[in-house]
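Heads up, the thing below is written out as structure tokens.
Proteins get letters first, then strands, A, B, ... in listed order; numbering begins at 1 in each.
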Protein chains: 2
Amino acid sequence: MPKRVDHEERRRLIAGALWRLAAERGLEGASLRDVAAEAGISLGQLQHYFTSKDEMLGFALEHIGQLAEGRIRARIEALPGEPTPRTVLRETLAEMLPLDENSRIGQRVQIAYFVRALYDERPRTHAREGSRALRDFLAGQVARGVERGEVPADRDPGCEASLLMALVEGVSGHTLMELHTPEEAMALIDLHLERLFGGAAA
Amino acid sequence: MPKRVDHEERRRLIAGALWRLAAERGLEGASLRDVAAEAGISLGQLQHYFTSKDEMLGFALEHIGQLAEGRIRARIEALPGEPTPRTVLRETLAEMLPLDENSRIGQRVQIAYFVRALYDERPRTHAREGSRALRDFLAGQVARGVERGEVPADRDPGCEASLLMALVEGVSGHTLMELHTPEEAMALIDLHLERLFGGAAA
DNA sequence: ACTGTAGCAATACAAGTGACTTGCAAAAAG
DNA sequence: CTTTTTGCAAGTCACTTGTATTGCTACAGT
């Protein structure tokens, strides 16, 4: 065999190029040739690593999901001591907002995939699983808050988790549209969290 | 001159065909030929009414905005007597959710334009204006609620309006992804409204 | 009756698209 | 050294895209 190259490594490199393009021109707007050019490789080489465009998109989606999960996990584990549910929720939601240029790109790509899922059954099912997992995680944190008496007992963790997700995704969209600054976006999330956790003291 | 035809009427007819396609395949996925076929006319005829694709998309966007505004207005005016701010808010938000097949289509097309706005400066500016107008309307209703003592006085109408919009758009997306049923979506909105208005009694 | 023009159809066109095929260089395996 | 397989480049394929062009028909204005 010739030069032994790390296939996964190459695929990640290509996925990176795809994101950059998808972030500024949309997912469908990125042709294989464009991606290859952005990655600094030839079309032939790209096709050597991805048989079809669908395969490339699929891999990139899988990868972005793992990265996002990793970022959230790292962010939470970086917190000092035993973080409260509220802190965990805040950090998790913050990671889902387009607060810096990097997460702006990530967020745009996520939306591109969201749109794709709107029109295709397969990716929709896949995305649903991811959303449910995230919702369950958030619900778990809310439940923990209820147990610790930090959240009013009449709040249903499942519903609260759904509200949180919808809210953060909505705020995210508004931020990308430059309707809010990143700071305002985070303030809105904090405001909602304050309501969720603040009511218990009264 | 030959047959005198109602230009606006034709353009609306074409816009309708565009929506149907955009709802199921996305906005960029609808080619001029497809739209013409869906509208039951020839490509040549379509080009007679819209010089370029951009012009067609622009007209359709303008039109869908007017329709949405009209639906909301009609829905509110159909309410008996002098509606409370809460009722107005509920009806307005309900109209923004994909609760039936028709609004599902409308919602999908809106998203298609939202995506477009993400990547283009011009439509983004335009969309921002619309969003701000809607936000101001919602904020006005919240302020009215505060005046009438139905909403706690410490709630900032602007922030609450932003939260409502983000929430309804997030829930809308989740509903389109079939993460929620339309009923669950409405229940989530009602839950949030209950919090917004309920706190005053306590 | 003649003419100009709105309404429309058909076709052509250049620029892209994703997928596929071929060919070859390089390096590991024998 | 020879063989074999991987990595990659280049070109080709059929096809779709938005736009431009051409030409015909029917009717209003004169």
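- Within the 4.0 Å cut-off from OP1 or OP2 of D:dA9, at least one side-chain nitrogen or oxygen of A:Gln45 is found.
- Contact annotation: side chain of B:Arg33 to base of D:dG18, donor-acceptor pair present below 3.5 Å.
- Here B:His7 reaches the OP1 or OP2 of C:dG7: one of its side-chain N or O atoms lies under 4.0 Å away.
- For C:dC8, the OP1/OP2 oxygens have a side-chain nitrogen or oxygen of B:Arg10 closer than 4.0 Å.
- Distance A:Leu13 CG to D:dC8 P: 11 Å, rounded to the nearest Å.
- Nucleic acid contact class of A:Ile41 (heavy atoms, under 4.0 Å, all strands): none.
- In this structure, B:Gln47 places its CD atom 15 Å from P of C:dA12, rounding to the nearest Å.
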Could you give the side-chain donor-acceptor pairs of residues 57-72 of chain A under 3.5 Å, partners two or more places apart or in another chain?
{"residue": "A:Glu69", "atom": "OE2", "partner": "A:Arg73", "partner atom": "NH2", "Å": "2.6"}
{"residue": "A:Arg71", "atom": "NE", "partner": "A:Glu95", "partner atom": "OE2", "Å": "2.6"}

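- Among the atoms of the strands shown, base atoms are found under 4.0 Å from some heavy atom of B:Leu32.
- Computed from coordinates, the A:Lys53 NZ to C:dT17 P distance equals 8 Å when rounded to whole Å.
- One interatomic measurement links the two molecules: CG of B:Asp34 to P of D:dC15, which rounds to 16 Å at whole-angstrom precision.
- Proximity of a side-chain donor or acceptor of A:Arg86 to a complementary backbone N or O of A:Gly145 within less than 3.5 Å is not detected.
- In this structure, A:Leu43 places its CG atom 17 Å from P of C:dT22, rounding to the nearest Å.
- For the pair B:Glu28 CD and D:dT16 P, the computed distance is 19 Å after rounding to whole Å.
- The separation between B:Leu27 atom CG and D:dG18 atom P is 11 Å, rounded to whole Å.
- Side-chain nitrogen and oxygen atoms of B:Ser31 include at least one within less than 4.0 Å of the OP1 or OP2 phosphate oxygen of D:dT17.
- Contact annotation: B:His48 does not reach the phosphate of C:dC8 (side-chain N/O to OP1 or OP2, under 4.0 Å).
- Side chain of B:Arg108 to backbone of A:Leu118: a donor-acceptor contact under 3.5 angstrom is found.
- For residues 179-191 of chain B, every residue pair satisfying the salt bridge (charged side-chain N to carboxylate O under 4.0 Å, His left out) rule, not counting sequence neighbours, is listed here: B:Arg90-B:Asp190.
- When each of A:Gly29 and A:Gly44 is assigned the nucleotide of DNA chain C with its nearest heavy atom, A:Gly29 is the one assigned upstream, toward the 5' end.
- We find that CG of A:Leu21 is positioned 15 Å from C1' of C:dT17, with the value rounded to whole Å.
- With respect to A:Glu129 and A:Arg132, no salt bridge is recorded, no charged nitrogen being found less than 4.0 Å from a carboxylate O.
- Among the atoms of the strands shown, none is found under 4.0 Å from any heavy atom of B:Thr51.
- The side chain of A:Tyr49 contributes an N or O atom lying less than 4.0 Å from OP1 or OP2 of D:dC8.
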